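Working notes, structure below.
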Amino acid sequence: MRIDLARQSLLVLTVLLCADVLAGSLRAQAPQAERQMVEVAKDVYLMTQAGSNSIFVVTEDGVLVFDSDIRNADVDRAAIRRVTDGRIVYLFSSHASGDHSTGGWHFREDNPVYITPRDQVRAYFMTELKEFEERKAEGRPGYSLPGSSLMQPTVGFDDSLTLYFGGLTFQARAEGYGHTSGDMTLYIPQRGVMFMGDLLNNEVHPGQADAGGVFKAQIQGQIEILNRIIERSLAVDTYVPGHGPVHIGRGVVDVSDQRDYFVLMREEVANMVLAGKSWEQILKEFRVPERFSRYLPGRLPNILRLFYNQLIENGY
Ligand SMILES: [Zn+2]
């Protein structure tokens, strides 16, 4: 009886272990396993968690998608299909980073018009395509799917572009060099929402936007862009972040929080630099200000390094 029990518990343990290993490998292959859909405003849906955020807007004339990641755009596409059978007519990306601009391949049957600022078209040829092929060769999840390829933008614009589609107005704006050199926001006045890409991160430290090992996010640029967005005083109920949970109805406070984050964090690092601390000491001793202390710590070292390097290089 004792042996039977021992065998039984061993069996249970084995099953649990197998389930765990299987779940682990599924997670490794498909970070989309826990993807969640949130309706941010009427017909405006956010796909969030398990990676960067993507948004889709359903209209009577089809669907518009903002941001896509090849690692989870198949799950996002399935979610779109559960809401509507309308074709994906337009695709935008907030900036040329793998987690925001690679998922178009999953929408290829719909052949969407892919619109970005012209800088992103340039980035496609300078860094994105190379990075995509490298990740594919490494067998990275999503990138190594048979036949996968990087979809190239089909329309580039310089400063701003207004799209009238399905009874809605979409105001796209090239915001300049902040998180990347080609950051774009998209505003829908009728829905009171603005899609921010990685100019806005809720409850998480921002990424450093490493592109081609050379280009990084510009802290000062991000502060200036966020200030300009605040000064526009648009009727936005919800600014939708590129990472982290959406705060529906919180309005411009999210944007000023993000601006304050960059200002206050940079000040903290600057004080340590002025006190003669080395990078190693800063990394070890840095304490996140109380206001941001509950942010997930994962991306903290990289953004600290960015603050440090740009302070050393530029003095700001
Ligand atoms: Zn991102």
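Counting starts at 1 for both ligands and their atoms, in listed order. This one's a predicted model, so the numbers in the text were calculated from it and none came from an experiment.
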ask   = What protein N/O/S atoms are found closer than 2.8 Å to the Zn ion (ligand 1)?
value = Asp99 OD2, His100 NE2, Asp198 OD2, His243 NE2

task = Check whether any side-chain heavy atom of Leu161 sits under 4.5 Å from a side-chain heavy atom of Phe170, and report yes or no.
result = no

request  = Check the pair His243, Arg299 against side chain to side chain contact (heavy atoms under 4.5 Å, CB included), reporting the backbone distance first and the verdict last.
outcome  = CA-CA 11 Å; His243 291 265; Arg299 301 201 287 183; 3.5 Å; yes

inquiry  = Using the rule ring-ring contact (aromatic ring centres under 6.0 Å, His included), only one of Phe292, Phe262, Tyr295 pairs with His205; which is it?
reply    = Tyr295

key: Contacts of His95 that satisfy ring pair (Phe, Tyr, Trp, His ring centres under 6.0 Å) - sequence neighbours left out   = His100, His179

query = When the ring planes of Phe307 and Tyr261 are compared, do they come out parallel, tilted or perpendicular, using 30° and 60° as the limits?
reply = tilted

query = Does a side chain donor of either His106 or Asp76 reach within less than 3.5 Å of an acceptor in the other side chain?
reply = no

